[in-house]
A.B. asks: 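Mind looking over this structure? Questions follow.
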Protein chains: 2
Amino acid sequence: MFTYMCRTCGCSFRSRDFGNIERFIEPCILLLLSKGSSHGYGLMEDLKKHCGEKVDIGGLYRTLRRMERDGWVKSDWEKNKSGPDRRTYTITSEGKDFLKSATSSLTRTDKLIHRFLEGYQKSQTV
Amino acid sequence: MFTYMCRTCGCSFRSRDFGNIERFIEPCILLLLSKGSSHGYGLMEDLKKHCGEKVDIGGLYRTLRRMERDGWVKSDWEKNKSGPDRRTYTITSEGKDFLKSATSSLTRTDKLIHRFLEGYQKSQTV
DNA sequence: CTTACTATATGATGTTTACATATATGTGTA
DNA sequence: TACACATATATGTAAACATCATATAGTAAG
């Protein structure tokens, strides 16, 4: 979290969170779905643990629809006795491929962070 | 790098690199400036090493002006005999504060990546 | 005088994020 | 029955950001 001055009107406001990984939620979703199919609302709690403390539920649903359009997941409506029906998502083989490539991208990102943190620590000890 | 289908017309195309850190270039710039003042064009080569292989020079200049507006750096024009004049940037105390808070954000991001990578490896070995 | 390198900056466009709002079903309870 | 509340999915909007292209200008070499 990081607060500073609004860039247009000068008022105090909260910026977009700093240091987050772009679209990190997508491989997180795929990793969860690779363990078993689930639906949007059900994925929420697990994602809080994996992707940080807060998850935008609206964005989550939009992301899931986009991932289906991209072929990484497929969905089916599932009858629910104790509440509204659910759209259940299942990972596809393309989704598994993306999950794999995302893992190597994240490994590369991890190295960049490490290089940065090492550089910062060096600059502090001198 | 990651190629997939265009979301509107169906053609094959290269997406924005996946797994990038939002605004990672800003703490990288500040870390470099904390070692000594520099100018936009001069920061380029160093940033390629720290922020990944490619740096958008237009975006770099815009970022530097924004960082000055936010108070993290200040700039002065410097005469240059062998070429166009340079706008030299220097880190401020607010910039050093941000650099410190960015470091803890990135440490938190690093933990999220590690948790993800561990989870992925577990899912592969089972 | 043309090309290349250095140097800074803006225009245009698309993507992502963040927050708000809309809609609907089932459960408990006053 | 009416109401609040949890579950469940979805869209509207606007700011911020990324990406690629283009504009401008000084200096030096051929």
Side-chain angles (χ1 to χ4, degrees), chain A residues 1-26 29 38-45 47 51-70 73 75-89, chain B residues 1-2 4 6-9 11 13-26 29 38-45 47 51-70 73 75-89:
Chain A
M1 232 73 72
F2 191 65
T3 60
Y4 66 125
M5 290 297 119
C6 169
R7 283 163 180 170
T8 45
C9 70
C11 66
S12 179
F13 100 119
R14 264 180 55 190
S15 83
R16 269 171 82 164
D17 274 356
F18 173 83
N20 287 339
I21 302 156
E22 288 173 24
R23 292 167 55 196
F24 184 47
I25 202 171
E26 297 181 41
I29 288 168
S38 188
H39 62 287
Y41 198 86
L43 286 165
M44 241 198 324
E45 283 301 313
L47 285 169
C51 298
E53 55 294 321
K54 65 181 200 301
V55 172
D56 175 28
I57 184 68
L60 173 56
Y61 285 116
R62 229 188 302 241
T63 298
L64 284 166
R65 304 314 312 276
R66 192 176 61 198
M67 288 170 74
E68 179 160 30
R69 194 173 58 192
D70 289 344
V73 296
S75 71
D76 296 291
W77 282 99
E78 186 191 301
K79 280 281 162 207
N80 183 6
K81 294 169 199 165
S82 63
D85 289 352
R86 295 161 167 174
R87 187 191 282 276
T88 300
Y89 287 93
Chain B
M1 232 75 71
F2 189 66
Y4 66 126
C6 169
R7 284 165 178 165
T8 46
C9 70
C11 67
F13 96 118
R14 262 179 58 187
S15 82
R16 268 168 77 170
D17 274 357
F18 177 82
N20 287 339
I21 303 158
E22 289 175 24
R23 293 166 56 194
F24 184 48
I25 202 171
E26 297 180 40
I29 289 168
S38 188
H39 62 287
Y41 198 86
L43 287 165
M44 243 197 325
E45 284 300 314
L47 285 169
C51 298
E53 54 293 323
K54 65 179 198 300
V55 172
D56 176 27
I57 185 67
L60 173 56
Y61 285 116
R62 233 188 299 242
T63 298
L64 284 166
R65 303 315 312 276
R66 192 175 63 200
M67 290 170 74
E68 179 159 31
R69 195 173 56 191
D70 290 343
V73 295
S75 72
D76 296 289
W77 282 101
E78 187 191 301
K79 280 281 163 208
N80 183 5
K81 292 170 200 165
S82 64
D85 290 351
R86 295 161 167 175
R87 187 190 283 276
T88 301
Y89 286 93

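Chain letters run A, B, ... following the sequence lines, proteins first, then strands; residues in each count from 1. Values below: all heavy atoms of this structure, side chains included; hydrogens, waters and symmetry mates excluded.
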A.B. asks: What pair of heavy atoms forms the shortest contact from B:Met44 to B:Leu60, and how long is it?
C.D. replies: CG-CD2, 4.1 Å
A.B. asks: Output the rounded distance in Å from CG (B:Leu60) to C1' (C:dT10).
C.D. replies: 15 Å
A.B. asks: Roughly how many Å is it from CD in A:Glu22 to C1' in C:dT16, rounded to a whole number?
C.D. replies: 8 Å
A.B. asks: With side chains defined as the heavy atoms from C-beta onward, is the minimum distance between A:Glu68 and A:Tyr89 less than 4.5 Å?
C.D. replies: yes
A.B. asks: To the closest 0.5 Å, what do you measure between CD1 (B:Ile21) and CD (B:Glu26)?
C.D. replies: 12.5 Å
A.B. asks: Indicate, with a heavy-atom threshold strictly under 4.0 Å, whether A:Gly59 touches base, sugar-phosphate, or nothing.
C.D. replies: nothing
A.B. asks: Give a yes/no answer on whether the side chain of B:Asn80 brings an N or O atom under 4.0 Å of OP1 or OP2 in C:dA7.
C.D. replies: yes
A.B. asks: Can you check whether B:Tyr61 has a side-chain N or O nearer than 4.0 Å to OP1 or OP2 of C:dA9?
C.D. replies: no
A.B. asks: Given side chains that start at C-beta, do those of A:Arg23 and B:Phe18 come closer than 4.5 Å, heavy atoms only?
C.D. replies: yes
A.B. asks: Counting side-chain heavy atoms from C-beta on, which of D:dC17, D:dA10, D:dT7 comes nearest to B:Arg23?
C.D. replies: D:dC17
A.B. asks: Rounded to the nearest Å, what distance is computed from the CG atom of residue A:Asn20 to the P atom of nucleotide C:dT16?
C.D. replies: 15 Å
A.B. asks: Assign each of A:Ile21 and B:Ser82 to its nearest nucleotide of DNA chain C by heavy atoms, then name whichever residue's nucleotide is nearer the 5' end.
C.D. replies: B:Ser82
A.B. asks: Would you mind reading off the distance between B:Arg66 atom CZ and C:dT8 atom P, rounded to a whole angstrom?
C.D. replies: 17 Å
A.B. asks: Is there a side-chain polar atom (N or O) of A:Arg65 under 4.0 Å from OP1 or OP2 of D:dT11?
C.D. replies: no
A.B. asks: Please give, in whole Å, the distance from C:dG26 C1' to A:Asp85 CG?
C.D. replies: 11 Å
A.B. asks: What integer distance in Å separates B:Arg86:CZ from C:dA7:P?
C.D. replies: 4 Å
A.B. asks: Rounded to whole angstroms, how far apart are CE on A:Met44 and C1' on D:dA10?
C.D. replies: 14 Å
A.B. asks: Check every atom of D:dT7, C:dT17, C:dT8 against the side chain of A:Pro84 and return the nucleotide holding the closest atom.
C.D. replies: D:dT7
A.B. asks: When all nucleic acid strands are considered with a 4.0 Å heavy-atom cut-off, which category describes A:Gly58: base, sugar-phosphate, or nothing?
C.D. replies: base
A.B. asks: Need one value for B:Arg62: base, sugar-phosphate or nothing, where a base atom within 4.0 Å counts as base even if backbone is also close, heavy atoms only.
C.D. replies: base
A.B. asks: Whole Å only: how far is the CD atom of A:Glu26 from the P atom of C:dT15?
C.D. replies: 13 Å
A.B. asks: Please report the interatomic distance CG(B:Asp85) to CG(B:Asp76), rounded to the nearest 0.5 Å.
C.D. replies: 12.5 Å
